[in-house]
Number of protein chains: 2
Amino acid sequence: MAKRPDGSGEDALIARYFRPLAGEAGAFALADDAAIIEPPADADVVVTTDGVICGVHFFPDDPADSVAKKALRMNLSDLAAKGATPLGFVLAIALPRDFDEAWVAAFAKGLGEDIAVYGCPLLGGDTDHTPGLLSVSITAFGIVPKGKMVRRSGAKPGDIIVVTGTIGDSSLGLLLRREPARFDLAAEHREHLLERYLLPQPRTGLADAVRRHASAAMDVSDGLAGDLAKLCRASKVSADVDSAHVPLSPAARAALAGDPRLIETILAGGDDYEILATVAPDNVAALKQASAGISVTEIGRVSDGGASCEARFIDTAGLRIAFARPGYSHF
Amino acid sequence: MAKRPDGSGEDALIARYFRPLAGEAGAFALADDAAIIEPPADADVVVTTDGVICGVHFFPDDPADSVAKKALRMNLSDLAAKGATPLGFVLAIALPRDFDEAWVAAFAKGLGEDIAVYGCPLLGGDTDHTPGLLSVSITAFGIVPKGKMVRRSGAKPGDIIVVTGTIGDSSLGLLLRREPARFDLAAEHREHLLERYLLPQPRTGLADAVRRHASAAMDVSDGLAGDLAKLCRASKVSADVDSAHVPLSPAARAALAGDPRLIETILAGGDDYEILATVAPDNVAALKQASAGISVTEIGRVSDGGASCEARFIDTAGLRIAFARPGYSHF
């Protein structure tokens with residue numbers, strides 16, 4: 001380690017790149033052992049943790065600023081799906097021994113941009129060297145009025161199932177990164193899919209509306225089919241989805257037209273970072289009206305769980321789709 | 001991935017080993033996107049994050065239960081030094097692809113034991129596979145009365161500097177792991193040093209007393225010399241420590257007697273997880289009395305910072321010790 005006049009190398013790195021990102025209150029300029037969260041008296045603090053590992057959640061040559069944004073946005077997506085307003089986050093980053101300071105600078109720049117966009121300041125962190133690969137773990141905090149976090153477990157038979165944005169773009173983008181020759185797509189469609197893989201769009205603008213109008217919600221991160229199945233088990237209900245109603249981007253439609261087998265990648269591939277919610281029929285119009293320009297699409301209906309509590313997806317021929325692997329799992 | 005009847009492999013691993021560790025309130029049995037913290041109305045939530053990486057913070061053949069305990073206790077030590085009562089934690093674990101389920105079982109068992117001992121339940125987590133090495137990142141939460149977190153920045157000229165327990169055991173234990181032949185020590189002394197490296201003893205029993213009586217505090221994790229220097233910079237003071245007063249275990253005394261150069265390893269080596277605090281002279285007796293059986297030793301005094309704001313350590317000959325490297329840094 002090269003000694004530096006302003007303290008250790010670790011301290012210098014934190015001071016140079018991360019201190020400027022710290023929130024005004026509670027973070028103590030990242031110069032204490034801990035940070036403070038001061039929630040309003042009538043609020044619960046919602047806590048979520050998610051991270052990215054090089055070679056698992058991003059490619060080694062992905063731009064550093066997008067790696068930072070992806071790591072933060074994965075967590076912001078969870079907060080939005082729970083109806084929570086972002087409050088701040090802590091960051092644990094493990095840098096490989098041969099890390100490039102320019103990479104850290106770009107990472108911090110990207111993080112700072114998203115901190116400003118989403119109003120979610122850095123509160124604290126942990127910086128380590130690793131003999132392994134670069135990894136980033138974020139724990140993010142949000143606020144909801146007391147007792148009002150939107151659970152996965154509140155879906156009721158008769159509720160309408162909705163999803164935000166479009167589904168499948170990111171998993172198609174990942175496939176495109178891995179097997180570019182597999183697709184015959186227009187340049188703008190390729191670009192759209194690759195961009196969606198690189199940069200999730202957390203639906204933070206919908207958090208309030210979800211909290212006011214949804215009976216249950218979760219973020220779609222491990223694939224719509226598998227995540228809806230989780231929501232069904234948590235709520236002890238079943239769900240029927242008409243796959244033709246699942247919102248697809250023009251790029252995903254084009255990919256699917258070229259290879260109908262991609263329906264499984266689209267419905268079960270993951271990394272969508274959209275909000276999946278169930279809504280009482282009377283509340284659907286209000287949710288859509290409050291959706292702040294984010295598309296909200298009805299895709300199916302909740303029914304009694306019966307013995308199975310399952311999520312059923314019907315194809316255009318009216319047959320149930322049998323997924324080889326309904327959701328992403330690391331194991 | 002082998003499909004399992006109870007869901008994905010990831011879900012099964014969480015259900016089998018981590019769900020039983022979840023707190024009753026707020027964790028939602030780890031079956032939601034997020035957890036909830038419900039702090040009392042008159043409390044601040046103290047947040048800290050720290051973790052361990054295989055090959056950096058522990059050896060690949062360290063027992064899994066001690067790896068779990070070390071990761072949690074590093075965070076509990078931060079909370080204690082801030083005067084906070086543990087509230088819960090979230091866990092991000094990255095498992096190598098060839099991980100052994102028995103290792104995870106032992107890890108969870110160790111974690112469960114400490115959750116019970118320290119009253120700090122698991123609130124949520126993130127489980128990933130990594131192509132790299134096993135790593136664990138924990139974000140822990142504690143409670144302090146509003147505005148009462150003990151900062152690094154409150155030390156005043158004239159304050160007494162105290163430290164809990166003993167200093168240097170863990171860094172000597174690490175050296176012993178790396179160079180067993182370097183030491184000529186009795187078996188019980190070897191065992192003591194190795195155990196202190198493996199298992200920190202967070203001073204949670206002292207949290208209340210620190211909050212009531214200390215003007216500033218931090219946990220000693222990167223070496224007493226470097227950490228005291230950080231406290232001095234945060235408080236804009238200087239500090240004078242008589243190194244002969246720094247509390248050493250019989251094992252550390254024996255090691256130092258055999259090799260006086262080990263004074264630097266002891267004072268600057270790190271991983272002590274003791275509490276370093278500054279206390280107004282009138283409060284020292286009260287702090288010691290409230291120390292719940294944990295030894296509290298006076299090691300020096302705070303003075304005006306002047307232009308330098310530095311921590312000076314004096315050796316037995318009355319000369320200032322010049323550290324080659326006053327504290328541990330990952331960079």
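Naming: A, B, ... by sequence-line order, numbering from 1 per chain.
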How would you list, in number order, the residues of residues 77-90 of chain B that have a heavy atom less than 4.5 Å from chain A?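 At a heavy-atom separation under 4.5 Å, chain A is reached by B:Asp78, B:Lys82, B:Val90.
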Closest-packed option against chain B by number of heavy-atom pairs under 4.5 Å, given [options]:
options                                : value
A:Asn75, A:Ile53, A:Leu123, A:Leu91    : A:Ile53
A:Gly124, A:Gly147, A:Gly142, A:Ser137 : A:Ser137
A:Pro131, A:Ala94, A:Ala41, A:Ala29    : A:Pro131
A:Val144, A:Thr139, A:Thr48            : A:Thr139

Tell me if the NZ atom of B:Lys236 is crowded by more than 12 foreign heavy atoms within 6.0 Å.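 Counting neighbours around NZ of B:Lys236, 12 or fewer heavy atoms of other residues, nucleotides or ligands fall under 6.0 Å, so no.
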Nearest-0.5 Å distance, [atom1] of residue [X] to [atom2] of residue [Y]:
X        : Y        : atom1 : atom2 : result
B:Asp128 : A:Ser135 : CG    : OG    : 9.5 Å
A:Ile36  : B:Lys148 : CD1   : NZ    : 11.5 Å
B:Asp32  : A:Lys230 : CG    : NZ    : 11.0 Å

Specify the closest pair of heavy atoms between [X] and [Y], including all atoms of both residues, with the distance to one decimal.
X        : Y        : value
A:Gly132 : B:Leu133 : N-CD1, 4.2 Å
B:Asp126 : A:Thr49  : CB-O, 3.6 Å
B:Glu38  : A:Asp44  : CG-OD1, 3.2 Å

Can you list everything that forms a ring pair (Phe, Tyr, Trp, His ring centres under 6.0 Å) with B:Phe18? Sequence neighbours excluded, please.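 Expected list: none.
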With chain A, the option among B:Ala31, B:Gly26, B:Ala92 that has the most non-hydrogen atom pairs under 4.5 Å is B:Ala31
Interface moiety of A:Ala229 toward chain B, non-hydrogen atoms closer than 4.5 Å: neither
Are the side chain of B:Asp33 and the backbone of A:Met218 linked by a donor-acceptor contact shorter than 3.5 Å? no
Just wondering, do B:Phe141 and A:Val45 contact through their side chains at under 4.5 Å, heavy atoms? no
Any non-hydrogen side-chain atom of A:Arg152 less than 4.5 Å from a side-chain atom of B:Phe28? no
